[in-house]
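All remarks here apply to the structure that follows.
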Amino acid sequence: MTVNRIALVDVNNFYVSCERVFDPKLEGRPVVVLSNNDGCVVARSAEAKALGIATGAPWFQLQAQAKAWGLVARSSNYELYGDLSAKVMEVVGRFGTWQEVYSIDESFIGLMGDSAQLHATGAEVRAAVMRHVGVPVCVGVAATKTLAKFANRIAKQNPALAGVCALDAMPEGHVARIQERVPASGLWGVGGKTSSKLKMMGIESIADLKAADPAMIRKKFSVVLQRTVMELNGTECIPHTEEHVDKQQIMFSRSFSTPVTTVAGMEEVMAIYAQRGAARLNQEGLRASTMTVTAGTSRFAGGEGSFPAVTSRFMTPTQDPIVLIRAAVAAIGQSAVPGAAYLRAGVMFNGLEPASGTGMLDVFGPAAEQADVGDVLGEVRNKFGSMAIGIGVGGLAQAPAWSMKREHSSPRYTTEWKELPVVRA
DNA sequence: TCTGGGGTCCTAGGACCC
DNA sequence: TCTGGGGTCCTAGGACCC
């Protein structure tokens with residue numbers, strides 16, 4: 001019987017797999033990829049998982065044993081991951097009647113066929129991605145997104161399935177038995193808070209949640225969890241969003257390698273961060289009507305800490321770096337506590353709209369004739385690199401002392417001429 | 001010494017309106 | 001003691017995701 005189904009394709013240990021494409025020596029070894037600042041683990045190879053290394057484990061705690069374990073660490077290389085992601089998505093998209101790119105390493109696609117065909121297509125997707133990009137993927141196929149996620153997890157955890165699980169192709173009763181065994185807390189959309197509340201009501205397994213009354217769930221929780229229940233029962237509730245949806249929010253946020261303890265120091269940080277944020281707005285062709293400036297001391301130090309957050313509103317939405325820098329510096333100047341040891345800061349833009357669009361002011365004449373500062377900076381950066389030009393301290397050739405630490409970087413193999421891999425034959 | 005960054009959606013509650 | 005009934009819009013905060 002031919003049916004319409006949804007496949008979730010995702011790359012195993014994506015960041016680690018990307019590192020391995022260009023450095024095959026990492027194959028078979030425990031590998032972790034670290035967050036910005038080499039702070040903590042964000043991705044682990046199967047071998048690293050087997051060593052008991054958790055996601056979020058601080059690198060400084062692992063470092064001592066790293067050598068004995070033969071553990072390899074890489075700083076995150078988002079330029080490489082982003083580029084390989086685009087290649088994976090292109091290959092995966094060839095197999096679907098529609099495609100939704102859900103995250104850097106996951107994509108939903110539409111499939112049609114009988115159970116044998118669905119399974120076979122899953123295996124083809126896997127082989128194609130391996131051949132064209134060189135990273136391993138798992139495929140879960142089911143009637144709804146929630147079930148496809150669930151199927152994908154079964155594919156991952158059961159080596160006998162060779163990376164593909166189509167629920168329609170599973171033996172009779174098998175899926176139900178798994179759902180009785182597996183806790184609901186592993187489901188897509190069921191986090192820690194929800195699952196402990198469910199537990200108190202006696203709902204522990206996926207099967208329990210599937211059998212729960214949707215109306216009751218909606219009342220006690222929310223429409224979100226109600227949708228999960230319906231999706232477990234095969235009713236599609238989560239729409240596909242094929243076309244690119246407009247961003248609602250843009251952030252630039254980083255922690256520092258060393259604390260900043262003076263207000264003047266934080267003003268310098270914000271001058272640079274506002275500028276990086278402005279560059280992102282410009283890249284996306286957007287302008288913002290509000291900007292929120294945040295900063296924070298360590299969450300792990302005792303005491304109160306200091307977590308300023310100041311929102312500025314702009315009469316006319318803007319992406320002008322000069323306006324944004326001025327507002328950000330003023331905001332942090334008024335809210336930072338002198339002497340507090342700040343470890344991170346960020347800027348967040350909301351109320352976004354297209355920069356070139358039909359803003360109201362345009363109606364009244366050709367006011368936007370003169371070149372935009374953001375556009376000029378953007379052009380220079382495109383041509384000469386992201387650090388080629390900046391305003392004020394943001395233009396310093398030498399990075400400030402608190403800048404990000406990246407001591408285990410791999411090259412940007414696919415996006416930077418100077419860092420292309422060299423092959424000797 | 002050292003513990004990520006970037007998002008989405010939903011809900012509750014306040015301000016304001018008639 | 002009690003104190004309209006709708007409605008909209010906005011924001012902050014919670015929960016979740018990768």
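Please read these numbers as outputs of a predicted model, since none were measured by experiment. In what follows, every chain begins at residue 1, and chains take the letters A, B, ... in the order their sequences are listed.
A salt bridge links A/Glu47 and A/Arg20; the closest N-O separation between the charged side-chain nitrogens and carboxylate oxygens is under 4.0 Å. Here A/Asp23 pairs with A/Arg74 in a salt bridge; the nearest charged N to carboxylate O distance falls below 4.0 Å.
Checking side-chain atoms of A/Asn37 against main-chain N and O of A/Gly39 turns up no donor-acceptor pair under 3.5 Å. No donor-acceptor distance shorter than 3.5 angstrom exists from the side chain of A/Ser195 to the backbone of A/Ser185, with no hydrogens or angles considered. Put simply, the side chain of A/Glu231 gets close to the backbone of A/Cys237: a donor and an acceptor are under 3.5 Å apart. No side-chain donor-acceptor contact under 3.5 Å links A/Ser85 to the backbone of A/Asp105.
Atom CG in A/Leu34 sits about 11 Å away from atom P in B/dG4, given to the nearest Å. Taking atom CG of residue A/Leu343 and atom P of nucleotide B/dT3, one finds them 6 Å apart after rounding to whole Å. Distance, A/Tyr81 OH to B/dG4 P: 17 Å, rounded to whole Å. Between the CE atom of A/Met348 and the P atom of B/dT8 there is a distance of 10 Å, rounded to whole Å. Between the CG atom of A/Leu352 and the P atom of B/dT8 there is a distance of 9 Å, rounded to whole Å. For the pair A/Glu407 CD and B/dC2 P, the interatomic distance rounds to 15 Å; values are reported in whole Å. Across the protein-nucleic acid pair, A/Asn36 atom CG and B/dG6 atom P stand 7 Å apart, rounded to whole Å. Between A/Met251 atom CE and B/dT8 atom P the separation is 10 Å, expressed in whole Å.
At a threshold of 4.0 angstrom between heavy atoms, the contacts of A/Arg299 are confined to the sugar-phosphate backbone, with no base atom among them. In this structure, A/Gln61 reaches neither bases nor backbone, as no heavy-atom distance under 4.0 Å exists between it and the strands shown. The residue A/Lys247 sits close only to the backbone: its heavy atoms come under 4.0 Å of sugar-phosphate atoms, none of a base.
Set against B/dG5, B/dT11, B/dT3, the side chain of A/Phe60 has B/dT3 as its closest nucleotide. In the set B/dT3, B/dG5, B/dT11, the nucleotide with an atom closest to the side chain of A/Arg254 is B/dG5.
The side chain of A/Ser298 places no N or O atom within less than 4.0 Å of a non-bridging phosphate oxygen (OP1 or OP2) of B/dT3. Checking the phosphate oxygens (OP1, OP2) of B/dG5, no side-chain nitrogen or oxygen of A/Arg280 falls inside 4.0 Å. Contact check, A/Arg227 against B/dC9: no side-chain N or O comes under 4.0 Å of OP1 or OP2.
Relative orientation of the A/Phe256 and A/Tyr273 rings is perpendicular, given thresholds of 30° and 60° on the angle between their planes.
Lacking a ring centre under 5.5 Å from that of the base six-membered ring together with a plane angle below 30°, A/Trp59 does not count as stacked on B/dC2.
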* **Sugar-phosphate or base contact per nucleotide [nucleotides 13-18 of chain C; S, B, -; heavy atom under 4.0 Å]** => --SSSS

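In the displayed structure, A/Lys220 atom NZ is contacted under 6.0 Å by at most 12 heavy atoms of other residues, nucleotides or ligands. Around the CZ atom of A/Arg94, the shell of radius 6.0 Å holds more than 12 heavy atoms that belong to other residues, nucleotides or ligands.
Positionally, the nearest nucleotide of DNA chain B for A/Arg344 lies more toward the 5' end than for the other of A/Arg344 and A/Asp246. Along DNA chain B, the nucleotide closest to A/Gln63 and the one closest to A/Glu284 are compared, and the more 5′ of them pairs with A/Gln63.
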* Toss me the dot-bracket line for DNA chain C: Watson-Crick and G-U wobble, both under 3.5 Å, 5' to 3', using | for pairs to another strand and [ ] for crossers. => ....||||||||||||||

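Two rings, from A/Trp188 and A/Tyr102, have their centers less than 6.0 Å apart.
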